[in-house]
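Proteins come first, then strands; the chains are lettered A, B, ... in the order of their sequence lines, and each starts at number 1. As the structure is a prediction and not an experimental result, all values here were calculated from the model.
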Number of protein chains: 2
Amino acid sequence: MESRTAVAHPNIAFIKYWGNRDAALRIPLNGSISMNLAGLETRTSVRFDGSLSSDQFILNDQNQTGKPLQRVSAFLNVIRNLANQAQFAQVESKNNFPLGAGIASSASAFAALALAGSQAAGLALPEKDLSRLARLGSGSAARSVPGGYVEWQAGYSDADSFACSIAGPEYWNLVDLIAIVDPLEKVTGSSEGHDLAATSPLNPLRQSGVNERLAICREAILKRDFAAFAEVVEADSHWMHAVMRTSNPPLYYWRPETEVILWQVLAWRKAGHAICATVDAGPNVHIMALENEIAWLKAELTQIQGIKDLILARPGPGAVLV
Amino acid sequence: MESRTAVAHPNIAFIKYWGNRDAALRIPLNGSISMNLAGLETRTSVRFDGSLSSDQFILNDQNQTGKPLQRVSAFLNVIRNLANQAQFAQVESKNNFPLGAGIASSASAFAALALAGSQAAGLALPEKDLSRLARLGSGSAARSVPGGYVEWQAGYSDADSFACSIAGPEYWNLVDLIAIVDPLEKVTGSSEGHDLAATSPLNPLRQSGVNERLAICREAILKRDFAAFAEVVEADSHWMHAVMRTSNPPLYYWRPETEVILWQVLAWRKAGHAICATVDAGPNVHIMALENEIAWLKAELTQIQGIKDLILARPGPGAVLV
């Protein structure tokens, strides 16, 4: 069968995904909103081949075994079931951002794999079903399937838990300036972390406010209202990390530099700048800004000790075949 | 010479004191605002006695030696210099709150000692000078000299760094409900902590906003505007702890329970309750509330795991002779 290649982008969540209603199906406890990150990408080719005696997975030119291969193989099983397909597959995947860049690759990886894999198996899934499929590989991958600004509606079952675009990448010129304070792999992966959400006494409180924050964030994007966007994005990020830090065992993703940047960004915003900050399950800070803030912001950030790298990403498209 | 006895109360800072311009004279980097805590008190008697061959310090019926005695003796030297007095003194002091209650006793201790000691030495200092004197023993003791709601103006020298009352204790019926999550002594004492403030990259940022927060807090108290008060009190507490956590070495005073309570209080306020929270250099949370919030609040707090005790304190008077 023919090889199919797809490209997908990681995304930064403005309203965060943390905790599952159903861990196996990755039905989240709450909806989430994100933006795809242009320039950063996973490019994945899949070819089903009757002559193979097992799945093969080559990541960044390295043949994978063990856990990474098992995770890909389990995902291919879903595709094989959907497509009534029995052949093993060869999967070749490359990230144009280093694994050590502190940017989670699972979202772009499973979005690209969902698209390339389903197409290689002869399926032509509509975006909604592609998003559902990607979700089974990694929750946040559901959001890397549609383009631009994206909302993942939590849903209650496999059928109704998928992401849709709120607005295309050209709709609003937000920029994500990622301040890398620690390029190493995170200590606790998201998948295990999601299971801990329920152990935090703050989890119900966080959940109880998410729908309101989703509505505010959605409207702020649609109205290009940066002030409202900034407030809700920072509040939601702080809520997630409060849940993480108070779960059992507690998850401390921040480093001192993380907090220095967060407070610095807050002070700059109070001084009138259109910037805000959000932190995923790691120590690096995503500074969201309007285009005209980038020049001075980059100059200022290079003065802050402990920032090892700055990565700039604009709103990106969804997963596409190439 | 005759014995003199004074009573003084600890205080809770709404706009915090953190970091000194002059560590020896305890000239702070910024002004601060606090409320004295009625019900909690240090009662101290001082008697200068020509027959003593050294100062004696009895705290809670235990004769003190080493560091505690040295600190008291150094403070008595200041009084002796002021009063032209050469005799050693016997100091007897009792706190009606356990040392292990998580409430700093140095403010009430040095406010009471300043008043009892200066009077015992024959001095009759005006409140301003008594506040300056108390400051030399412990910075925040300057604020336990005047009554009720108090502002310590930072000043630049020993002469102009003292506290004054903003409003008496009856002016506004705020209540401090102290949630004790850890009754043990704090790991890093405030005196050493103040020296670390300058090592945080956030210290200049915190400082740059203090005068605005002081003005907002002062006005909120005078207008009895709880909403404005709540916002500024929480912001200032968060700024201080951000500086603490990002200093070198970092100071982590919070425990997971601290954060649980802080976020819970925030959620209750968003739901319409007149409450807010502030944390001093320790893990316990001071929940400031209007009188009518106390009943339900106490009931709710007893449901939160990890709260070992609740202490209720209303606005208290300044240091008084008894």
What heavy-atom pair brings [X] and [Y] nearest, and what distance separates the two atoms?
| X | Y | result |
| --- | --- | --- |
| L205(B) | A267(A) | CD2-CB, 3.4 Å |
| R245(B) | P256(A) | O-CB, 4.3 Å |
| V260(B) | L202(A) | O-CD2, 3.6 Å |

So with a 6.0 Å cut-off around [atom1] of [X], is the heavy-atom count from everything else above 12?
| X | atom1 | value |
| --- | --- | --- |
| Q207(A) | CD | yes |
| K308(A) | NZ | yes |
| E212(B) | CD | no |
| Q153(A) | CD | yes |

Chain B contact via W239(A) - which portion, at a heavy-atom distance below 4.5 Å: both
Among S208(B), G209(B), P201(B), A242(B), residue most engaged with chain A (heavy-atom pairs, under 4.5 Å):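 Heavy-atom pair counts peak at A242(B).
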Distance in Å, E259(A) CD paired with H241(B) NE2, rounded so as to fall on 0.5 Å steps: 11.0 Å
What I'd like to find out is whether the side chain of H238(B) reaches to under 4.5 Å of the side chain of W263(A), using heavy atoms alone.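 Yes - at least one pair of side-chain heavy atoms lies under 4.5 Å apart.
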